[in-house]
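What follows is a set of notes on a single structure, which appears directly below.
Numbering starts at 1 and runs along the sequence shown. Keep in mind that this is a model prediction, so the values were computed, not measured.
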Amino acid sequence: QLPEGVQWDFDVENWLDPYQVSHYAMDIFEYLKERERLFPIGNYMVRQVCLSPWRGAREWMRALLVDWMVEVQESFELNHETLYLAVKLVDLYLTKMTVGKETLQLLGAASLFIASKFDERIPLMVEDLYICDGAYTKRELIKMEISILKIVNFDLGIP
């Protein structure tokens, strides 16, 4: 049954095309909905006391970080899914860890690097760290990647 306002059913139209897996579409969506529950994002901004001294600026700093991540995604022509995964990794990390404002861009960069390795045919390389204007070393980037992966228990299959 199509939801109200939807006029075109892709799965019905492509039912005989084995590459569109229309027969499994509902099972896939159910599986992804189940997986969503495994990655809750709490109200982490209250805990991020180091990000900004005045109220409201914490959200602004996160928005600034996401804007920068969008610019990186566009300049490297990364998939949109890479950006979505990277932002989710940032939020999951901030839900469990407190970071200082000097570490926020490193968190965003490391999340983009991890997401590109997961989702891109040609991922970002550690030499692409120049996107941070020399603020971090390769070693710091790798350490942050490890920290993020530990926080998400190496589970990157996030819907």
Side-chain angles (χ1 to χ4, degrees), residues 1-48 51 56-97 99 103-132 141-142 144-159:
Q1 210 44 284
L2 285 177
E4 188 176 324
V6 176
Q7 299 172 2
W8 175 57
D9 191 336
F10 179 86
D11 295 322
V12 169
E13 187 173 305
N14 292 285
W15 194 257
L16 298 176
D17 184 351
Y19 297 109
Q20 299 301 329
V21 295
S22 295
H23 297 227
Y24 304 109
M26 291 312 295
D27 293 329
I28 291 168
F29 283 115
E30 287 303 317
Y31 170 74
L32 291 173
K33 280 197 275 187
E34 285 176 27
R35 297 258 322 140
E36 268 184 349
R37 290 184 219 128
L38 301 175
F39 305 96
I41 303 293
N43 183 12
Y44 60 80
M45 281 300 176
V46 211
R47 287 180 2 123
Q48 300 301 329
L51 290 186
R58 292 182 198 122
E59 291 82 3
W60 177 79
M61 290 179 79
R62 182 196 176 272
L64 203 60
L65 175 67
V66 173
D67 285 347
W68 174 79
M69 292 170 73
V70 168
E71 286 180 30
V72 172
Q73 180 254 337
E74 288 175 346
S75 67
F76 282 93
E77 298 180 1
L78 302 173
N79 296 328
H80 293 285
E81 290 79 8
T82 301
L83 175 65
Y84 305 149
L85 176 57
V87 171
K88 185 73 172 193
L89 290 172
V90 166
D91 288 339
L92 286 169
Y93 191 86
L94 291 174
T95 297
K96 296 182 180 177
M97 301 294 289
V99 300
T103 312
L104 197 59
Q105 187 182 27
L106 178 61
L107 172 60
S111 296
L112 277 167
F113 276 71
I114 291 169
S116 78
K117 291 172 188 171
F118 184 77
D119 203 41
E120 296 290 333
R121 212 181 83 211
I122 302 171
L124 295 172
M125 308 221 353
V126 76
E127 289 77 23
D128 294 322
L129 186 58
Y130 68 85
I131 59 174
C132 295
L141 175 73
I142 293 168
M144 180 56 84
E145 283 183 325
I146 292 168
S147 180
I148 293 168
L149 289 169
K150 284 180 180 177
I151 288 294
V152 298
N153 201 25
F154 292 84
D155 190 355
L156 298 176
I158 302 170

In terms of heavy-atom contacts, Ala86 and Ser111 come closest through O-CB, 3.4 Å

Closest heavy-atom pair, Leu94 versus Arg47, reported as atoms and distance to 0.1 Å, is O-NH2, 3.9 Å

Shortest non-hydrogen contact between Phe39 and Asp155, atoms and distance: CZ-OD2, 3.5 Å

Please answer whether the main-chain N or O of Ala25 pairs with a side-chain N or O of Glu30 as donor and acceptor at a distance below 3.5 Å. no

With a sphere of 6.0 Å drawn around CD of Glu77, does it hold more than 12 non-hydrogen atoms of other residues, nucleotides or ligands? no

Can you tell me how far CD1 of Ile151 sits from CG of Leu89, rounded to the nearest 0.5 angstrom? 11.5 Å

Whether His23 and Trp15 hold their rings parallel, tilted or perpendicular, with breakpoints at 30° and 60°: parallel

Between Asp91 and Lys88, is there a donor-acceptor pair closer than 3.5 Å when you use the side chain of the first and the backbone of the second? no

Does any non-hydrogen side-chain atom of Met61 lie less than 4.5 Å from one of Gln48? no

What's the shortest heavy-atom distance between Leu156 and Leu85, and which atoms? O-CD1, 4.0 Å

Atom CG in Leu112, atom OG1 in Thr82: separation rounded to 0.5 Å? 8.5 Å

When you compare the side chain of Leu78 with that of Glu120, does any pair of heavy atoms fall below 4.5 Å? yes

Determine whether Ile131 and Phe76 make a side-chain contact, defined as any pair of heavy atoms from C-beta on separated by less than 4.5 Å. yes

Ignoring hydrogens and geometry, is there a side-chain-to-backbone donor-acceptor pair from Asn14 to Phe10 under 3.5 Å? yes

Which value, rounded to the nearest 0.5 Å, describes the distance between Tyr93 atom OH and Thr103 atom OG1? 8.0 Å

Where Arg35 and Pro159 come nearest, the two heavy atoms and their spacing: CB-CG, 3.6 Å

Which pair of heavy atoms, one from Asn79 and one from Asp119, lies closest together, and at what distance? ND2-O, 3.4 Å

Donor-acceptor under 3.5 Å (Ser22 side chain, Asp11 main chain): yes

pair Arg62-Val66: side-chain heavy atoms closer than 4.5 Å: yes

Roughly how far apart are Leu92 CG and Met97 CE, rounded to 0.5 Å? 13.0 Å

Looking at CD of Glu36 and CG of Leu32, how far apart are the two atoms once the value is rounded to the nearest 0.5 Å? 7.5 Å

Taking the side chain as every heavy atom from C-beta outward, state whether Val152 and Ile114 have any pair of such atoms under 4.5 Å apart. no

Output for pair (Ile158 CD1, Tyr84 OH), nearest 0.5 Å, gives 15.0 Å

Mind checking whether Val90 and Met69 have side chains closer than 4.5 Å, heavy atoms only? yes

Side-chain touch Leu104/Val99, heavy atoms, less than 4.5 angstrom: yes

